[in-house]
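Note sheet for the following structure.
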Amino acid sequence: MLKPLITALTRCHREGTRLRAADWQHAVQSQADAYAVQDGVAAALGWPMDRWKSGAARREGPYGHSPVNPIAGTHLLGVEVEVALRLARDAGPAEAQGETDGPIDAMCVAVELIASRWEEGLAAPELLRFADFQSNAGLLLGEWLPYRPLDWARLPWQLSLEGQPEIARQGGHSLADPAAVVPHWLRHATREGRGLKAGSVVTTGAWAGLHPLGGATSGELVMEGLGRLSFSATA
């Protein structure tokens, strides 16, 4: 049942169509199935597999990972405030045994675009959303800066979306440290002897959850110590 779903989701990405979750509710039975669908769709679309999303609701996990669409999508549900990290060197299974931020050389402010290939959107069953790249629709990156730990728990940031009140917060990352995802991401991305190229990027989880666009088509994110990212999005 995975091959038909891979074919159907690939068509959704190419044609901008969506699927009814009820028609596929038994197709994905486990997280392993969901990862197999991700791999199949990414391969069919020819993604370079050099952009990823990784995260967890708590430090002890479980962690989830997905390759990220290299082209910004449309029909967006919202955006997430993120911090992206960049891999300093090629990495394989051996490098994946290291700790936290060792292989990281740069960081930047980022905005993850959220959309769904399911008609039910974020109300679709969890495993179907997971198979659909955890509802990713692209990643927008700010200017790269040399990596250094910051006071993440108290880091001030502001998100402005066109026609909406400004959101101003401190902290809000579920792991308190974005680099906590790195060893988990490396173990996943280099499983079965796979490799990652230097310069590969991982975005590390949402700050304060999903921010609905509400029809907005532009916005700006500012994070202290990381800079500013102005962006346009198609809702």
Side-chain angles (χ1 to χ4, degrees), residues 9 12-19 21 45 47 50-55 57 64 66-86 106-124 129-130 132-145 150-176 178 181 201-235:
L9 284 173
C12 289
H13 279 269
R14 287 176 172 157
E15 300 176 1
T17 54
R18 289 183 290 180
L19 304 175
L45 293 171
W47 289 3
D50 59 358
R51 289 191 176 194
W52 291 79
K53 63 179 290 183
S54 183
S66 301
V68 167
N69 194 338
I71 301 172
T74 57
H75 307 297
L76 303 180
L77 300 172
V79 297
E80 292 180 351
V81 172
E82 305 245 354
V83 171
L85 304 175
R86 189 178 69 190
M107 61 184 182
C108 73
V109 62
V111 169
E112 183 183 355
L113 305 177
I114 302 298
S116 181
R117 273 54 63 175
W118 300 107
E119 290 182 359
E120 297 81 1
L122 300 183
R129 287 184 283 114
F130 206 98
D132 183 31
F133 303 110
Q134 300 181 84
S135 305
N136 174 263
L139 182 64
L140 309 177
L141 301 174
E143 180 180 354
W144 289 107
L145 300 173
L150 299 176
D151 186 1
W152 301 110
R154 294 188 291 181
L155 190 75
W157 56 271
Q158 299 85 41
L159 175 66
S160 301
L161 295 172
E162 181 183 4
Q164 299 186 34
E166 182 180 84
I167 299 167
R169 303 279 180 86
Q170 281 189 312
H173 191 274
S174 61
L175 306 179
V181 307
V201 173
V202 62
T203 194
T204 54
W207 294 62
L210 176 72
H211 304 281
L213 285 172
T217 57
S218 64
E220 184 176 70
L221 172 62
V222 180
M223 301 190 84
E224 188 171 293
L226 282 160
R228 180 184 309 267
L229 173 59
S230 297
F231 60 93
S232 295
T234 304

* Asked: Could you go step by step and tell me if L175 and V181 meet the side chain to side chain contact (heavy atoms under 4.5 Å, CB included) rule?
  -> CA-CA 8 Å; L175 306 179; V181 307; 3.5 Å; yes
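- Residues V111 and L229 are in side-chain contact: their nearest non-hydrogen atoms beyond the backbone lie under 4.5 Å apart.
- When the side-chain contact (heavy atoms from CB on, under 4.5 Å) test is applied to R14, the partners found at least two apart in sequence or on another chain are T10, L45.
- Note: W47 and F133 meet the aromatic proximity criterion, with ring centroids under 6.0 Å apart.
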* To do: Take T217 and E162 through the test side chain to side chain contact (heavy atoms under 4.5 Å, CB included) and record every step on the way to the result.
  => CA-CA 7 Å; T217 57; E162 181 183 4; 2.8 Å; yes
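- Side-chain contact check for S66 versus N136: every heavy-atom pair is 4.5 Å or farther apart.
- For the pair L122 and L77, the minimum side-chain heavy-atom distance is below 4.5 Å.
- Defined by atom type and a distance below 3.5 Å, a donor-acceptor pair is missing between the side-chain atoms of E82 and T204.
- Legend: salt bridge (charged side-chain N to carboxylate O under 4.0 Å, His left out) pairs involving residues 213-223, not counting sequence neighbours, sorted by first then second residue: E220-R228.
- For the residue pair E112 and T203, no side-chain donor N or O sits within less than 3.5 Å of a side-chain acceptor on the partner.
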* To do: Let me see the working for L76 and I114 under side chain to side chain contact (heavy atoms under 4.5 Å, CB included), right down to the final yes or no.
  => CA-CA 6 Å; L76 303 180; I114 302 298; over 6 Å; no
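- Of the options M223, E80, R169, a side chain to side chain contact (heavy atoms under 4.5 Å, CB included) to W207 is made by M223 and by none of the others.
- Counting only residues at least two apart or on different chains, the salt bridge (charged side-chain N to carboxylate O under 4.0 Å, His left out) pairs with a member in residues 132-144 are R117-D132.
- Side chains of I167 and Q158 form no contact here, defined as non-hydrogen atoms less than 4.5 Å apart.
- You'll find the side chain of V201 reaches within 4.5 Å of the side chain of L139, heavy atoms only.
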* To do: Start with the C-alpha gap between L161 and V79, add the side-chain angles, then the distance that decides, and say whether side chain to side chain contact (heavy atoms under 4.5 Å, CB included) holds.
  => CA-CA 10 Å; L161 295 172; V79 297; 4.3 Å; yes
